[in-house]
Amino acid sequence: MIGRNPDDDTELLMERRAAPMDQESVELPTELVARYRAVDREHVGTPTLDTPAHLDRLTELIGREGMRTPIDLAFTEEFATIDGNHRIAVARRLGLATVPVHLTRRAEHPRPDHGRDMDPADLRVLEAALAPSPTHAPDRAGRGTGIVA
């Protein structure tokens with residue numbers, strides 16, 4: 001969710017990012033990514049789904065096959081958001097040290113209600129992950145697509 005529509009405060013504005021199909025994911029520390037989740041799905045459910053059963057099914061699937069769908073992390077110098085609160089909960093359940101992530105730089109405004117303040121050390125990691133590397137050529141938008149340990 002982004003926030004309330006300024007023209008009609010009964011309406012919520014939503015955003016869903018989709019990474020380009022050819023964008024490589026980067027491996028980032030699970031705990032870094034978890035800092036930018038909107039909610040901890042182990043403690044806060046969703047009204048549209050049986051959250052505990054969903055987490056159990058995801059835990060079984062990811063435990064068996066790995067995390068095949070990267071988490072989307074969008075960031076600015078001021079804040080970050082993720083799309084993947086259930087997957088990050090499962091990564092923590094399984095004790096995964098890293099998770100696959102699609103990174104996107106986003107506009108500073110509007111800042112979504114669920115945006116989390118950016119930690120300067122995390123910003124350096126995210127910037128480095130997008131920087132061109134000798135082993136990964138920049139994509140068409142000029143972003144690097146390297147792997148961060």
Side-chain angles (χ1 to χ4, degrees), residues 1-3 12-46 48-149:
M1 175 172 57
I2 295 284
L12 297 177
L13 297 175
M14 303 293 286
E15 173 187 63
R16 181 135 180 111
R17 296 174 307 277
M21 294 304 287
D22 62 348
Q23 180 183 352
E24 288 185 44
S25 62
V26 296
E27 288 289 321
L28 292 177
T30 299
E31 290 309 312
L32 181 154
V33 177
R35 284 193 279 279
Y36 301 100
R37 64 187 176 217
V39 295
D40 183 344
R41 287 294 181 213
E42 292 289 1
H43 302 288
V44 180
T46 174
T48 59
L49 161 86
D50 176 348
T51 299
H54 182 63
L55 287 175
D56 289 344
R57 285 191 302 274
L58 274 178
T59 301
E60 180 184 339
L61 179 66
I62 291 171
R64 185 177 61 241
E65 298 180 18
M67 191 174 298
R68 299 185 313 185
T69 303
I71 294 168
D72 288 326
L73 190 153
F75 71 99
T76 72
E77 290 183 9
E78 300 297 321
F79 67 90
T81 62
I82 69 164
D83 180 7
N85 292 298
H86 290 97
R87 284 172 280 150
I88 200 67
V90 168
R92 294 180 86 209
R93 273 186 179 190
L94 294 171
L96 301 180
T98 63
V99 291
V101 177
H102 281 144
L103 289 174
T104 307
R105 284 190 183 89
R106 64 168 295 148
E108 294 282 342
H109 301 286
R111 180 180 174 146
D113 292 341
H114 64 282
R116 299 289 182 248
D117 289 343
M118 177 58 66
D119 178 280
D122 291 349
L123 179 60
R124 288 189 294 276
V125 171
L126 300 178
E127 292 287 353
L130 284 179
S133 72
T135 59
H136 292 89
D139 66 12
R140 282 173 265 159
R143 297 179 303 234
T145 54
I147 302 298
V148 174

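Legend: residues meeting salt bridge (charged side-chain N to carboxylate O under 4.0 Å, His left out) with D119, ordered by chain and number and at least two apart, are absent. Judged as a salt bridge (charged side-chain N to carboxylate O under 4.0 Å, His left out), and not counting sequence neighbours, R41 has no contacts. With sequence neighbours excluded, the residues that form a salt bridge (charged side-chain N to carboxylate O under 4.0 Å, His left out) with E127 are R105. Here R93 pairs with E42, D56 under the salt bridge (charged side-chain N to carboxylate O under 4.0 Å, His left out) rule; sequence neighbours left out.
Screening residues 81-100 for ring-ring contact (aromatic ring centres under 6.0 Å, His included) gives H54-H86 as the qualifying pairs, with residues at least two apart or on separate chains.
In this structure the side chain of D122 reaches within 4.5 angstrom of the side chain of Y36, judged on heavy atoms. T104 has its side chain out of reach of D72: every pair of non-hydrogen atoms, C-beta onward, lies at least 4.5 Å apart. For the pair L126/L28, a side-chain contact is recorded, criterion being any heavy-atom separation below 4.5 Å from C-beta on.
Between the CD atom of E27 and the CG atom of L96 there is a distance of 9.0 Å, given to the nearest 0.5 Å. A distance of 11.5 Å separates CZ of R124 from CE of M118, quoted to the nearest 0.5 Å.
L58 approaches V90 most closely through the heavy-atom pair CB-CG2, 3.6 Å. The two atoms that bring G115 and F79 nearest to each other are CA-CD1, 4.2 Å, heavy atoms only. Shown here for R92 and E31, the closest heavy-atom pair between the two residues is NE-OE2, 3.0 Å. Among all heavy-atom pairs drawn from R116 and A38, the shortest one is NH2-O, 2.6 Å. What you find for G45 and T51 is that their closest heavy atoms are CA-OG1, 3.3 Å. Scanning both residues, A91 and T30, for their nearest heavy atoms gives CB-CG2, 3.9 Å.
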Donor-acceptor pairs under 3.5 Å, side chain of residues 61-70 to any protein atom, not counting sequence neighbours: which ones?
from, atom 1, to, atom 2, distance (Å)
R64, NH1, E60, OE2, 3.3
E65, OE1, R68, NH1, 2.8

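One N or O on the side chain of T76 and one on the backbone of E78 form a donor-acceptor pair closer than 3.5 Å. In this structure a side-chain-to-backbone donor-acceptor pair under 3.5 Å is missing from R37 to I82.
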